[in-house]
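Accompanying notes for the structure given below.
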Amino acid sequence: MEIQENEQTETTGRGGNKRAGGYNPKEIEQKWQEVWEQSGANHATDDDPRPKFYNLVMFPYPSGDLHIGHWYNFTGVDVYGRFMRMNGYNVMQPLGFDAFGLPAENAAIKRGVQARKWTLSNIENMRRQLKTMGGIWDWEREVATCLPDYYKWTEWFFLKLYEAGLAYRAKAPVNWCPNDQTVLANEQVLANGTCERCGAEVAKRDLEQWFFKITAYADRLLEFKDIEWPEKTVTMQRNWIGRSEGARVNFTAEGSDGTVHAVPVFTTRPDTIYGVTFFLLAPEHALVAQLTTPDKQAEVAAYVAKARGETEIERQSTDKAKTGVFIGSYVTNPITGGKIPIYITDYVLMGYGTGAVMGVPAHDQRDFEFARTFNLPVVLVYQPDDREINADEMTEALVHEGHVVNSGPFNGLPDNAETVKKFIDYIAEKGLGEAKVNYRLRDWLISRQRYWGAPIPMIYCPTDGLVPVPEEQLPVILPEEVEFKPTGESPLNYIPEFVNTTCPKCGGPARRETDTMDTFMCSSWYFLRYADPKNAAQPFDPELIKRWMPVDQYTGGPEHATMHLLYARFFTKALYDMGIVSFEEPFKRLFHQGMILSEGRKMSKSKGKTIAPDRLVSENGADAVRAFLMFLGPFEKGADWNDKTEQLLVGISRFLNRVWGLVNDYGKSSENNEITLATSVEPRLRRAQHKTIQRVVADYGSFQFNTVLSGLMEYSNSLQKLIEEAPAVQQGVAWDEAIDTLLILLAPLCPHITEELWQSKGHRSSVNEQPMPLFNPTLAADELVTIVVQINGKVRDRLDLPIGISEEEVKATVLFAPKIATAIGESIPRKVIYVPGKLVNIVL
RNA sequence: GGGCGUGUGGCGGAACGGCAGACGCAGUUGACUUAGGAUCAAAAAGAUGCAGGUUCGAAUCCUGCCAUGCCUACCA
């Protein structure tokens, strides 16, 4: 076939002019997508004999439009899944929708559309957009968490956790978003004290709520056994769980009426107990009222009110001065018997430890600042080994240094864990406390005063109290028509048909729980449902779970490190303990893709500047957009989107056009001949081919899709050069294989164009089902190596030498090379370093 | 305040401690052209944030600083 130049051209938008019979992505992409859909190419069957590979991506919230971040995320996942499929795995790559949650409800309130209809039509649209990507998504396994056949089992799992004693109800001060009119989990409150979703300032409220006992799993959640997760994520979870070892020490306080109260504290430094000079309570502490003397009541009440009114950010700001109020009474130090004044202060948090702290100003910076503010004594119980400190002259606390002083029998001990243990033993012996491990992690609050979520399947009966909905009555169906009133209660409260029910135990009239579950509950088990998405009798068939779980590769953003990823691990461990699943970790390998930013900032609808992938796809084709996104940089790094970003798409389009031209002009039916040509070009061809295989396969495996592409660009450029230089090579089998290799290696990134070219070349199978080519080091080996010659570390010459040359030969050759000989002159080399196959460094 | 990461041409980015800047974008020149914002071809450019150290040799390892990003933030 000749190169047909300058034929009549047609203009197709930004894609530019196309040769007649040229690359027309629109046409071929749609064609192949239909073919694949009809042949069921993307459906992973349960009985496939190949080893399974569960390739999972965090499912999206159906906000309505697929944005560029989704495209980026899903493309990378799909490329990897396709790559693994070509490595011989039965790849299961499902997709679904995390379909409960606030935006649907807000749309319902704002625009009067039904939350259900709004969500389902969004799903419809996103599914359509997703299909244009040409991914191997297994749509037969799609789940949507808002559908009764899914949330039936979310409710069922709630009952299981309840039966296992892991769900309980308690009154708790909770984060309340006045705008969304709902409770938020700690993780949903931003560091600045605002609501993660709407940005409103979060307040505190006391409410009866449902909790899951995730804290019971704290230690096991710290294990991370047999999983390959980014160290960063593991560290974040560790810090979030916040295990600290110390002691619980019982202090006693006398109330203004003479009653004695036990006031335990948690401390990691029981070894400083002789240095306690004051005692602190959180303003919310239950004993504050009883321990406040009458003369202090007004002052204390004012302080408590102020602390409660503070936002999280005000309260937790570390750089503000320490504040507090003396409440008039004292505790007794159980070790020294000394009387110590009690203060309340906002830097002591009710939610951590016991809400009470022993103040040791000499050895804790916060306590030190507090003591200086209130002129409280500072007593040193450690002194540095090399000098002596005077408490009055201290400007900051002395932390972890020196040896024990002023502490009776403990004096002289060094500052270490053993000493701490001696104090704990002593305290325990006297019955004043015990060793204690404390966690920063709190139980998971799952109640939401919202409509659009999975109902909590519980019933309140006047005679029988709290009664779980019997399994056979599941699902508790969410009504479709609701009225929204800004009351702070779930809208379900105002639907008598929903609320009023009969008690499963006594048959008498009873009320349903009207709160719904946190959507993180829905996402804590969706990956299990994919294994058996249509099962109406159980959440999944245990055999299918054994077949598919655990997830081999999980990909999603790092923002879920302490939320979804922690909850899903907890959930899996709880199911393991119930005997429902046989593994403790759901996600074997985790990868965080980077984020697509817009001019350095998070892309958000409110700030404009969103990029519509649909436009890019219709102008350039899905293959080009896929490759372009992956070419932006390493997948884990994400990219910044600015005016220049889209220019890179041009380069990818050119590359695809060149591949198209190369294969159409020089590719030929692979059924032709099997001649091996006696030319020197073929070994060069083989070398290029196998070097590329080695690079590209390794880079696919490590998510380095950007360098996969540059490797393939180099490869196709060198093929182009070779064929122009020696057109006869086209007659040989090596050329044919070289072209096949190009198409196979490019297929995961650009499945459509490669399929079209593959089959037009005469293959009857699909390129997407070819095995990844095997790297042959012999064929890749060069005949000559370039030896770099350095003098004192600076490059002076390069010599092409035969591959198997010995060290002596290299050194001899190098020393007599003209440039080198001149440079050395009369000097005698002190040292000659030889790195085999790479370089010689002559040290003068 | 703490933790983790990043810093390489005009831009996106490549480089097992060993030829810095692969690959691509933009720019330059030329060709084909009524035209070029299409295509093809050619050439060019710069010295790895700063200061030290280790090494025969450092973008790469170590220390300090500067800049920037993310996470976390009084957790006793």
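Values below: all heavy atoms of this structure, side chains included; hydrogens, waters and symmetry mates excluded. Everything numeric in this text was worked out from a predicted model, so none of it was measured. In what follows, chains are A, B, ... by sequence order, proteins preceding strands, each numbered from 1.
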Most 5' of G711(A) and Q704(A) on RNA chain B, judged by nearest nucleotide: Q704(A)

Using a heavy-atom cut-off of under 4.0 Å over every strand shown, decide if N717(A) touches base, sugar-phosphate, or nothing. sugar-phosphate

Spacing of the C1' atoms in C32(B) and C25(B) (rounded, Å): 23 Å

Per atom distances to the E714(A) side chain, the nearest of A22(B), G24(B), C74(B) is A22(B)

Output the single nucleotide from A76(B), G13(B), C19(B) whose closest atom is nearest the side chain of K637(A). G13(B)

Assign R238(A) to base, sugar-phosphate, or nothing according to its heavy-atom contacts below 4.0 angstrom with the strands shown. nothing

Can you check the distance between A15(B) and A59(B), where both ends of the measurement are the P atom (answer in whole Å)? 16 Å

Give N841(A) one of three labels, base, sugar-phosphate or nothing, depending on what nucleic acid heavy atoms sit under 4.0 Å from its own. base

So which one's nearest nucleotide on RNA chain B is more toward 5', L709(A) or K644(A)? K644(A)

Pairing of R269(A) and D415(A) as salt bridge, 4.0 angstrom limit: yes

Base, sugar-phosphate, or nothing: which does I833(A) touch, judged by heavy atoms less than 4.0 Å apart? base

On a whole-Å scale, what distance lies between the P atoms belonging to A47(B) and U68(B)? 23 Å

Indicate yes or no: does E434(A) engage K436(A) in a salt bridge with an N to O separation below 4.0 Å. no

Carboxylate-amine/guanidinium contact K421(A) D271(A), below 4.0 Å: no

Specify the separation, in whole Å, of atom CG of N706(A) and atom C1' of C11(B). 16 Å

If we take the C1' atom in both G53(B) and U60(B), what is their distance in whole Å? 15 Å

What integer number of Å spans the C1' atoms of U48(B) and G13(B)? 13 Å

Which part of the nucleic acid, if any, lies within reach of V788(A) when heavy atoms closer than 4.0 Å are counted: base, sugar-phosphate only, or nothing? base

Within the pair R654(A) and U39(B), is there a side-chain N or O less than 4.0 Å away from OP1 or OP2? yes

For the pair made of NE2 in H363(A) and P in A76(B), what is the distance, rounded to whole Å? 17 Å

Look at the side chain of K232(A) and decide which nucleotide, out of C4(B), G12(B), A22(B), has an atom nearest to it. C4(B)

Using atom C1' of each nucleotide, how far apart are G37(B) and A45(B) to the nearest Å? 25 Å

Among the candidates G18(B), G10(B), A15(B), find the nucleotide nearest to the side-chain atoms of T707(A). A15(B)

Nearest to the side chain of W240(A), which nucleotide is it out of A76(B), C25(B), A73(B)? A73(B)

Can you tell me which nucleotide in A14(B), G18(B), A76(B) comes closest to the side chain of F266(A)? A76(B)

Send over the distance from D800(A) CG to C19(B) C1', rounded to a whole Å. 12 Å

Pick base, sugar-phosphate or nothing for P634(A), based on heavy-atom distances below 4.0 Å to the nucleic acid. sugar-phosphate

Carboxylate-amine/guanidinium proximity below 4.0 Å for E619(A) and R615(A): yes

Taking any heavy-atom pair under 4.0 Å as a contact, classify F655(A): base, sugar-phosphate, or nothing. nothing

Do NZ/NE/NH1/NH2 and the carboxylate oxygens of R695(A) and E714(A) come within less than 4.0 Å? yes

Check every strand shown and say whether T235(A) touches a base, only sugar-phosphate, or nothing at a heavy-atom separation below 4.0 Å. nothing

In short, G711(A) meets T692(A) closest at the heavy-atom pair O-CG2, 4.1 Å

